[in-house]
Amino acid sequence: MFELPEYITLARQINETVAGKTIRSGALGNSPHKFVWYNRTHEEFAALTAGKTVGTAHVRGRWLFIPLEPGYVLLFGECGGKLLYHTPPAKLPEKYHLWLAFADGSALSALTQMWGAMELYEAGLEMERQYVKGMRPTPVEPDFTFDYFSALIAELLTGEKRSIKALLTQDQLIPGLGNAIAQDIMFRAGLHPRRPISDLSEAQQRTLYDAIRATVDAAIAGGGRYDEWDLYSRPGGYHRLLDNAAVGRPCPNCNTAIEKIQYLGGACYLCPRCQT
Ligand SMILES: [Zn+2]
């Protein structure tokens with residue numbers, strides 16, 4: 001699944017390569033997929049996209065906003081899979097969930113794995129969508145300060161009990177983070193996924209905050225994770241510190257074997273000595 005660094009990489013590449021192009025024709029998928037969320041019929045999507053121009057894309061959390069001017073915004077949310085640019089003469093792929101063909105013969109295709117939103121809104125209405133409206137600050141935004149982060153933890157302590165992994169991956173508490181990048185954040189912070197957030201000292205909150213910022217920045221600088229593809233169908237340059245390949249191998253800090261546990265709906269990779 002794309003997380004914040006992969007979406008930021010895709011937006012940058014769309015702005016380099018696709019922005020300013022005029023859409024000759026747009027189509028929703030030929031490949032039925034019950035977990036792709038559309039808000040338009042095939043006919044509406046074709047009629048509303050033809051002749052529009054791609055504006056400057058931007059990202060919030062795991063949502064990618066691509067203006068189709070005048071008047072519309074194409075929204076990709078919580079997708080994985082591939083969002084690809086095709087050089088002219090672009091050929092329609094065998095399977096796709098969304099296709100935009102441009103007047104110059106190039107094209108953009110999207111094919112998600114698992115699930116994802118591919119929706120077209122009248123400009124402004126995309127901000128009313130569930131999960132977009134009221135989104136909390138994301139780690140790359142100026143509002144994501146340590147004071148904000150500390151206040152977020154204090155606010156959560158009044159509700160249900162949460163662990164570090166829950167803080168990082170559930171309910172868009174920190175929008176844009178997901179199970180993949182969370183592993184490296186927890187490793188950098190020296191915190192176990194099951195550790196209750198109520199346990200954290202202020203110094204540990206600071207360490208965790210710094211780990212979030214450092215990991216997100218490193219993944220953005222690398223152009224996203226190596227296990228996802230960018231707009232040009234290349235793997236990202238950010239290699240995860242802890243992933244399936246690390247299991248049983250020595251921890252980079254202390255040489256203890258890395259372990260895998262199942263927790264909160266997914267695998268966690270951790271050093272049982274460094275992460276407590
Ligand atoms: Zn270790």
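These numbers come from a predicted model, not from an experiment. Atoms within a ligand are numbered from 1 in the order they appear, just like the ligands themselves.
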### Query
Charged N to carboxylate O below 4.0 Å: is that the case for E16 and R12?
yes
#### Entry: Residues R162 and D171 bridged, charged N to O under 4.0 Å
yes
### Reported CZ-to-CG distance for the pair F146 and D210, which is rounded to 0.5 angstrom
8.5 Å
### Message
Using a strict cut-off of 2.8 Å, how many protein N/O/S atoms surround the Zn ion (ligand 1)?
### Response
4
### Query
For V73, which fellow cluster members are found when Ile, Leu, Val, Met, Phe, Trp and Tyr are connected by side-chain heavy-atom distances below 4.5 angstrom, either directly or through intermediates?
W63, F65, L75, Y121, L125, M127, Y131, V132, M135
### Message
Would you say that more than 12 heavy atoms from the other residues, nucleotides or ligands in this model lie under 6.0 Å from the CZ of R249, or not?
### Response
no
### Task
Examine the side chains of D104 and S106 and answer whether a donor and an acceptor come within less than 3.5 Å of each other.
yes
